[in-house]
Amino acid sequence: MRLHSGLPYWIIKDQLYDYYNPLREDIHTDVAIIGAGITGALAAHALCKAGLECCVIDRRSIATGSSAASTALLQYEIDTPLHILADKIGEENAAKAYHACLNSISDLERILQEAGIEAGFERRPSIFYASDHNGEETIMKEFEIRKRHGLPVEMLSRKELHERFGINTPGGALFNRESAQVDVYKAASSLLAHDMKNSGLRVFTHTDITGYEQDWADCCLTERGGHTIRCRYAVIASGFEAGQFLPEKVMKLTSTYALVSHPVERARLWPEEALIWETAQPYIYMRTAGNRIIMGGEDENFSNPRRRDRKIGKKVAILESRFRELFPDIPFRAEMAWCGTFSSTDDGLPFIGPWDEGDRVYFDLGYGGNGITFSVIGSQIISRSMTGYYSPDDWIFGFGRVRKQTDGR
Ligand SMILES: Cc1cc2nc3c(=O)[nH]c(=O)nc-3n(C[C@H](O)[C@H](O)[C@H](O)COP(=O)(O)OP(=O)(O)OC[C@H]3O[C@@H](n4cnc5c(N)ncnc54)[C@H](O)[C@@H]3O)c2cc1C
């Protein structure tokens, strides 16, 4: 699968790393993690910290999958509004999922700080504006339910939004100060480098895992060249390409578009450089990166890379014009653009854990617009499970949700 095309900004800004280390022999380890993106990097970090011997395997260069293409906004609010998620999984569980996302932002900040990694992590406020009349209703309902569950949220009227942030929106917005942004390509690659140096983590790139077997005692991964990795546990952190390892399809693959602007005088950017997104589906969103603006959205319900790529020019023009509607006074022109595969689930939550209870293979699939916060949560759930701890709420992110619908369990 071509996970992205065009030029993701981060690969140019941070450079493409030359690390090359294909697996050339059969090995043994405690945990083998498939995927050297942010999910695999965070899982490896948590597991190394828990004292387990780990290796990470990737068919590509380090972090050049979806993590390189990410626009990397970090928000506690997921693609499925809390009041809708409450209808799907119950209000208490939905609120727990939202709180887990909220905590994961500070957890990521702490992980990077403790490891001494400077990966552009910056705290930012977040604005979720009503795109239309229906959106007004959404933000009213969201405000009430988020308040009820102690989530950080303020309501801004259209006038306040314009006066404080200079945004021309059709309606009001929800606002919070608990969001952040990061350079996730740098975070993933630096975290892997940190654990290779400090925790004996082994990383094998350009190594394609083609299958696995497991029994009660251990599991064994096989790579395309025939070498094997025998381990106590395996973690599948292979992002949107995990379909090959899943017994059933649990996600919908879509296409998404992103661009980075020419540099803009910093003083002309909007106040506080808040993250901005909207209630419409699909939504547009934006953040800053230094003196540039990163914007994304215009998702489409197909994943064919050739069809996706053909649309880049048209999508850039739409995103530029949407930006100018919101901020007519900020000079905005795309400098480079890219598009990528994206994945969503029915309830907007990720899939973390074994497919069946007792399996030695764990999935760590942060599907949805909050993939990075989900990766943090995944690393915590998986390291807990593999070291014998269990939190009764972990099931909220597990496969029991879909298994109930598909086979009645
Ligand atoms: C344009 C765009 C914008 C986004 N914006 C945001 C955002 O603002 N906020 C947010 O939280 N999330 C966002 N996301 C989602 C987020 O980027 C992803 O959830 C996250 O990067 C996924 O990381 P990952 O490590 O799971 O996957 P990846 O980074 O794709 O890593 C998985 C790795 O597994 C490897 N792999 C797959 N199969 C195999 C195999 N069989 N053998 C060996 N290796 C294999 C791949 O080569 C890949 O490197 C965005 C995504 C895109 C595309």
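Read the numbers this way: they start at 1 and go in the same order the structure lists the ligands and their atoms.
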Counting only heavy atoms not in D215 (residues, nucleotides, ligands), do more than 12 fall under 6.0 Å from its CG? yes
Would you mind telling me if ligand 1 is within reach of the side chain of F342, the backbone, both or neither, using heavy atoms under 4.0 Å? side chain
Heavy-atom distances under 4.0 Å decide this one: backbone, side chain, both or neither, for A188 against ligand 1? neither
Those atoms of ligand 1 less than 4.0 Å from some heavy atom in [X]:
| X | value |
| --- | --- |
| T341 | 53 (C) |
| Y285 | 3 (C) |
| A237 | 32 (C), 34 (O) |
| G37 | 25 (O), 29 (O), 31 (O) |
| T207 | 42 (N), 43 (C) |
| G366 | 19 (O) |
| F245 | 41 (N) |
| D208 | 40 (C), 41 (N), 42 (N) |

Look at [X] together with [Y] and state whether they make a salt bridge at an N to O cut-off of under 4.0 Å.
| X | Y | answer |
| --- | --- | --- |
| K96 | D393 | yes |
| R110 | D107 | yes |
| E223 | R59 | no |
| E160 | R164 | no |
| E298 | K314 | no |
| R148 | E91 | yes |
| R292 | E335 | yes |
| D218 | R230 | yes |

Would one find an N or O of [X], backbone or side chain, under 3.5 Å from an N or O of ligand 1?
| X | answer |
| --- | --- |
| D58 | yes |
| Q244 | yes |
| G340 | no |
| T39 | yes |
| I372 | yes |
| R59 | yes |
| D364 | no |
| A36 | no |
| S67 | yes |
| L73 | yes |

Flag for E77-N370: side-chain donor and acceptor within less than 3.5 Å: no
In terms of residue, atom name and distance, what is the protein heavy atom nearest to atom 30 (O) of ligand 1? S66 N, 2.9 Å
Counting only heavy atoms, tell me which of S238, G371, S70 gets closest to atom 19 (O) of ligand 1. G371
Strictly under 4.0 Å, does any heavy atom of [X] approach an atom of ligand 1?
| X | result |
| --- | --- |
| G296 | no |
| R287 | no |
| V184 | no |

Cation-aromatic face contact R360/Y233, 6.0 Å, 45 degrees: yes
Check whether F302 forms a cation-pi arrangement with R307 (NZ or CZ under 6.0 Å from the six-membered ring centre, at most 45° off the ring normal). yes
Examine distances only and state if a side-chain atom of T169 and a backbone atom of G171 form a donor-acceptor pair shorter than 3.5 Å. yes
Side chain E300, main chain T256, donor-acceptor under 3.5 Å: no
